[in-house]
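Written below as structure tokens is the structure these notes are about.
The shown structure was predicted, so the numbers you read here are calculated from the model rather than taken from an experiment.
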2 protein chains.
Amino acid sequence: MYIHLQSIPLPLMRIEDEIKQPVFRNEYQKAHINLVYTAGWLQLRQAAAFKPFGLTLPQFNILRILRGQHPRPATVALLIDRMLDKTSNASRIVDRLEEKQLVTRTVCPANRRAVDIRITKAGLDLLDRIEQANITPSGVEQLSEAEAQQLNALLDKVRTVE
Amino acid sequence: MYIHLQSIPLPLMRIEDEIKQPVFRNEYQKAHINLVYTAGWLQLRQAAAFKPFGLTLPQFNILRILRGQHPRPATVALLIDRMLDKTSNASRIVDRLEEKQLVTRTVCPANRRAVDIRITKAGLDLLDRIEQANITPSGVEQLSEAEAQQLNALLDKVRTVE
DNA sequence: CAACATTAAATGTATGTACATACATTTGCA
DNA sequence: TGCAAATGTATGTACATACATTTAATGTTG
């Protein structure tokens with residue numbers, strides 16, 4: 001899992017120290033690597049938090065979308081629409097949740113191509129327990145409100161294309 | 001692959017527009033989602049660039065590390081050390097590269113537990129061709145030098161723990 | 001209404017990720 | 001020297017990701 005905690009508490013974890021690459025070509029290369037590395041770092045921490053509850057990160061995210069819809073059902077298409085990673089395979093993630101009886105699948109009566117997916121009581125309870133355990137840590141709380149805004153603006157700019 | 005290009009050219013791609021979530025709880029939730037989403041966005045674009053050359057992103061990254069070592073060999077341990085994602089399985093990524101004859105594996109004579117991995121001429125040529133095609137796009141070039149520095153500082157702060 | 005296109009979801013295949021375990025080799029030291 | 005611990009790599013399993021294809025239901029149109 002590899003969460004490196006420093007023994008001597010220093011204020012900052014510079015990317016140069018995290019990776020074995022002491023020098024970068026320029027600030028851009030460093031920013032690119034830093035961005036990918038930091039996102040992975042956040043996701044690893046989240047995954048570790050869900051693990052005691054037998055959930056993976058995508059499974060947790062799908063469950064939360066379903067709670068947002070509850071008591072109305074969601075279709076696979078709606079889940080894909082709401083997911084951060086559009087290319088992941090919602091069908092199979094729902095398979096896992098159904099096996100654990102955290103969701104149900106029923107053919108949609110109005111459109112028999114579609115499948116109504118609903119979170120169960122067990123699913124709702126699991127989400128409650130996870131959130132009560134004050135889990136889902138996210139390092140962005142290290143930032144001030146203004147810094148968080150700044151970060152959002154910079155990230156939006158990174159995704160600007162032509 | 002899902003690279004959303006706007007038909008009417010607006011300067012910025014706000015995260016609210018990218019995801020179907022028009023409102024966030026606060027700037028922190030937005031920053032967290034934005035960070036993960038933007039990193040995924042960068043990696044998808046890179047993966048799409050390597051695909052015509054039959055390489056995945058991890059395979060490309062390993063090849064680049066091997067070129068950096070060339071003509072000296074690398075061991076699996078060295079690859080893991082240099083990789084961004086320490087938990088990925090370098091052995092199996094090298095398997096794929098070896099099948100494509102882009103690298104060679106020989107038992108290290110000095111330490112017969114270790115395996116010397118070397119990039120081949122074909123591997124070097126492939127990297128050249130990929131780079132000549134001016135690929136490896138990275139959205140961070142949208143930023144100014146100062147903004148890139150700012151982004152690096154913010155990301156480092158996000159990873160600060162205790 | 002028959003033929004064809006479109007849509008919704010599931011399935012297939014290759015690869016990657018996370019983690020545990022196995023196996024051989026080397027090292028340290030009693 | 002002998003042997004336990006450490007090291008370097010490979011393999012196994014479960015799950016996720018990326019993408020193509022399939023199956024079934026529904027729309028559309030001549």
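For D128(A), there are no salt bridge (Lys or Arg N to Asp or Glu O under 4.0 Å) partners two or more places apart in sequence or in a different chain. Residues passing the salt bridge (Lys or Arg N to Asp or Glu O under 4.0 Å) test with D95(B), sequence neighbours excluded: R105(B). For E27(B), the side-chain hydrogen bond (donor to acceptor under 3.5 Å, both in side chains) test picks out N152(A), with sequence neighbours left out. Residues satisfying the salt bridge (Lys or Arg N to Asp or Glu O under 4.0 Å) criterion with R159(A), sequence neighbours excluded, are D156(A), E18(B). In this structure R92(A) satisfies the salt bridge (Lys or Arg N to Asp or Glu O under 4.0 Å) test with no other residue, sequence neighbours excluded. With sequence neighbours left out, the side chain to side chain contact (heavy atoms under 4.5 Å, CB included) criterion links A122(A) to L102(A), T120(A).
One can place CE of M83(B) at 10 Å from P of dA18(C), the figure rounded to the nearest angstrom. In this entry the distance linking CG of L79(A) with P of dT17(D) reads 14 Å, nearest Å.
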Taking only distance into account, with no hydrogens and no angle test, what donor-acceptor pairs under 3.5 Å do side-chain atoms of residues 110-119 of chain B form with protein atoms, sequence neighbours excluded?
unit_1: N111(B); atom_1: OD1; unit_2: R113(B); atom_2: N; d: 3.1
unit_1: N111(B); atom_1: OD1; unit_2: R113(B); atom_2: NE; d: 3.2

Residues 67-76 of chain A side chain polar contacts: donor-acceptor under 3.5 Å, at least two apart:
unit_1: R67(A); atom_1: NH1; unit_2: E131(A); atom_2: OE1; d: 3.0
unit_1: R67(A); atom_1: NH2; unit_2: E131(A); atom_2: OE2; d: 3.0
unit_1: Q69(A); atom_1: OE1; unit_2: R82(A); atom_2: NH2; d: 3.4
unit_1: T75(A); atom_1: OG1; unit_2: L78(A); atom_2: N; d: 3.2

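Near DNA chain D, defined here as any heavy-atom distance below 4.0 Å, the residues from residues 94-108 of chain B are R105(B), listed numerically.
Residue whose closest nucleotide on DNA chain D sits further toward the 5' end, between R92(B) and L78(B): L78(B). Taking for each of S91(B) and T56(A) the nucleotide of DNA chain D with the nearest heavy atom, the 5'-most of the two is the partner of S91(B).
No hydrogens or angles considered: nothing links the side chains of N89(B) and S91(B) as a donor-acceptor pair under 3.5 Å.
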Between protein and nucleotides 2-5 of chain C, what N or O pairs are separated by less than 3.5 Å?
none

Are any protein N/O atoms closer than 3.5 Å to N/O atoms in nucleotides 22-27 of chain D? If there are, list each pair with its distance.
unit_1: dT26(D); atom_1: OP1; unit_2: R112(A); atom_2: N; d: 3.2

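Checking dA9(C), dA18(D), dC15(D) against the side-chain heavy atoms of Q59(A) singles out dC15(D) as nearest.
Residue pairs that meet the salt bridge (Lys or Arg N to Asp or Glu O under 4.0 Å) test with at least one member in residues 142-153 of chain B, sequence neighbours left out, are K157(A)-E147(B).
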